[in-house]
Protein chains: 2
Amino acid sequence: MDTKTLCLAVLSRGPASGYEIKKTLEQPPYCLFQDTGFGSIYPALQRLNEDGAVATTDCTPTRRPAKRIHALTDEGRSRLLEALSQAPSPDRLRSDFLFTLLHGDLLPPDLVLEMIDARIAELEAKLSQVEACEPRADSPCAVFLHGLGRTHYGGCLDYLRRNRSKLARDLNAASAPSSKRAAE
Amino acid sequence: MDTKTLCLAVLSRGPASGYEIKKTLEQPPYCLFQDTGFGSIYPALQRLNEDGAVATTDCTPTRRPAKRIHALTDEGRSRLLEALSQAPSPDRLRSDFLFTLLHGDLLPPDLVLEMIDARIAELEAKLSQVEACEPRADSPCAVFLHGLGRTHYGGCLDYLRRNRSKLARDLNAASAPSSKRAAE
DNA sequence: CCGATATATATCAGATCGATATAATATTCG
DNA sequence: CGAATATTATATCGATCTGATATATATCGG
């Protein structure tokens, strides 16, 4: 999904400013599977306004730090529906953590274990964030997604906690093979 | 990780051409947590060569479709180690599937269920791809990562298979409330 | 009242993405 | 054999995205 569709989706819940859209995207559930900055949002809103997909109202007189409220038009609503109906393109994950772990043999064992501990802490935070955000019971999709998120984070966390000590043993055995050699 | 680091990491296994680097990144384990196109790889290799991080040899005479082999230098190796030692920046996931699912209430129930079925098929393919790629037993990190991948895909797959029918029921109940109204 | 933080918009250089161009070799199949 | 197709291989380009930065006011606690 490009930034324009992201904006349309947030605006489908009600009119908002660019800043408010960004804040919404930073929180669950959106923050769990997308990410966008102001540098993408403002140009996208400008384009959507030019295309007639949103109606932009300037609130400069009342509000001091000039604020632009964007509201979905019928054109915008049908655009959103069209985008959502497309077959979703494959997930795109960029994980420095997993990439580093793959090359962990090049690094000091302690550093690798530190990174895993940090990741465990992050996942705990994410999981409690997801659990704190109860889905609306009247939306079957939101409930389904909520369960999927809990399963995902819970599963990864469980694996890391269970296998950390084994990895620590294996790494130390590999990096200090003197004891092994002595045992042979 | 930027594309330059990605290239250095692949080259740490041995010299390769840009095309070969792309092919390596397209397969497990790399393809599971990154993605890059030629449009990023070729400029990155050019820059790395200029910076002295890789040594580029032109194989035009022997090979007919001109081929450039890039080999890691000491400078490149130390750059890679330095990049891997940094605290990894947070994961970045962009999932059209999860995004669409979140807004599934706007779509026809059948379309949502179709997308879930397609996702199940994709995850099955990914999982068997991961399982087919046995990690080197002498690399504790690779073994650890392999287990993590299986846990992740297996867990998500399991959730989707178990909860699909409940979602189907809930969606139909919500979209066709006539029976419900009749029951009241 | 001052400083820190939150609200709010905007821009810009650099990186990335996806498509496309080009071209020789290798393979497949009637 | 020869034609069609796939694979190997490099390169570029516009559109988009990223991350940082600039700017200005409002608000809240000390």
Side-chain angles (χ1 to χ4, degrees), chain A residues 1-8 10 15-27 31 33-51 54 56-70 83 86 88-96 99, chain B residues 1-8 10 15-27 31 33-51 54 56-70 83 86 88-96 99:
Chain A
M1 299 296 175
D2 58 2
T3 306
K4 274 180 277 186
T5 308
L6 247 42
C7 291
L8 291 176
V10 175
S17 69
Y19 185 80
E20 286 161 350
I21 290 173
K22 171 81 163 103
K23 290 290 139 186
T24 303
L25 293 176
E26 268 169 12
Q27 295 163 23
C31 71
F33 43 81
Q34 69 71 41
D35 192 16
T36 312
F38 289 120
S40 299
I41 291 173
Y42 286 116
L45 287 170
Q46 225 168 312
R47 277 286 297 278
L48 288 171
N49 184 47
E50 283 164 21
D51 296 357
V54 304
T56 301
T57 319
D58 217 318
C59 298
T60 319
T62 42
R63 271 264 177 177
R64 271 59 47 109
K67 189 175 174 178
R68 279 178 222 286
I69 301 283
H70 309 272
Q86 302 301 313
S89 59
D91 286 10
R92 317 194 62 256
L93 171 65
R94 197 80 178 240
S95 174
D96 282 10
F99 180 80
Chain B
M1 299 295 174
D2 59 1
T3 307
K4 275 181 275 185
T5 309
L6 248 42
C7 291
L8 291 176
V10 175
S17 68
Y19 185 80
E20 286 161 350
I21 290 172
K22 172 81 162 101
K23 289 291 137 185
T24 302
L25 292 176
E26 268 170 10
Q27 295 163 25
C31 70
F33 43 81
Q34 68 71 40
D35 193 16
T36 312
F38 289 120
S40 299
I41 291 173
Y42 286 116
L45 287 170
Q46 224 168 312
R47 276 287 298 278
L48 288 170
N49 184 48
E50 283 164 22
D51 296 357
V54 304
T56 302
T57 319
D58 216 318
C59 297
T60 319
T62 44
R63 271 265 179 177
R64 270 58 46 110
K67 189 174 173 178
R68 280 179 221 287
I69 301 283
H70 309 272
Q86 303 300 313
S89 60
D91 286 9
R92 318 195 60 257
L93 171 64
R94 197 82 177 237
S95 173
D96 283 9
F99 180 80

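Please read these numbers as outputs of a predicted model, since none were measured by experiment. Proteins get letters first, then strands, A, B, ... in listed order; numbering begins at 1 in each.
- Of the listed residues (A/Thr57, A/Asp58, A/Asn49, A/Thr56), just one forms a side chain to side chain donor-acceptor pair (under 3.5 Å) with A/Arg68, and that residue is A/Asp58.
- Between the NZ atom of B/Lys23 and the C1' atom of D/dA6 there is a distance of 11 Å, rounded to whole Å.
- At whole-Å resolution of the value, CD1 in A/Ile69 and C1' in C/dT9 are 13 Å apart.
- Between B/Gln46 atom CD and C/dA15 atom P the separation is 13 Å, expressed in whole Å.
- Remark: P of C/dC12 and CZ of A/Phe38 are 18 Å apart, rounded to the nearest angstrom.
- In terms of position along DNA chain D, the nucleotide closest to B/Ser17 lies nearer the 5' end than the nucleotide closest to the other residue of the pair B/Ser17 and A/Thr3.
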Given the rule in the salt bridge (charged side-chain N to carboxylate O under 4.0 Å, His left out) test, do B/Lys23 and B/Glu26 qualify, once you have shown the distances and angles that lead to the verdict? CA-CA 5 Å; B/Lys23 289 291 137 185; B/Glu26 268 170 10; 3.4 Å; yes

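- The side chain of A/Arg68 approaches C/dT9 more closely than any other nucleotide in the set D/dT7, C/dT7, C/dT9.
- Spacing between atom CD1 of B/Ile41 and atom P of C/dG18 amounts to 13 Å, rounded to whole angstrom units.
- For C/dT9, neither phosphate oxygen OP1 nor OP2 lies less than 4.0 angstrom from any side-chain nitrogen or oxygen of A/Tyr19.
- Summary for the helix from C/dC1-D/dG30 to C/dG30-D/dC1: the axes at its two ends, each from 5 pairs, differ by 40° when rounded to the nearest 10 degrees.
- One interatomic measurement links the two molecules: CG of A/Asp2 to P of D/dC17, which rounds to 6 Å at whole-angstrom precision.
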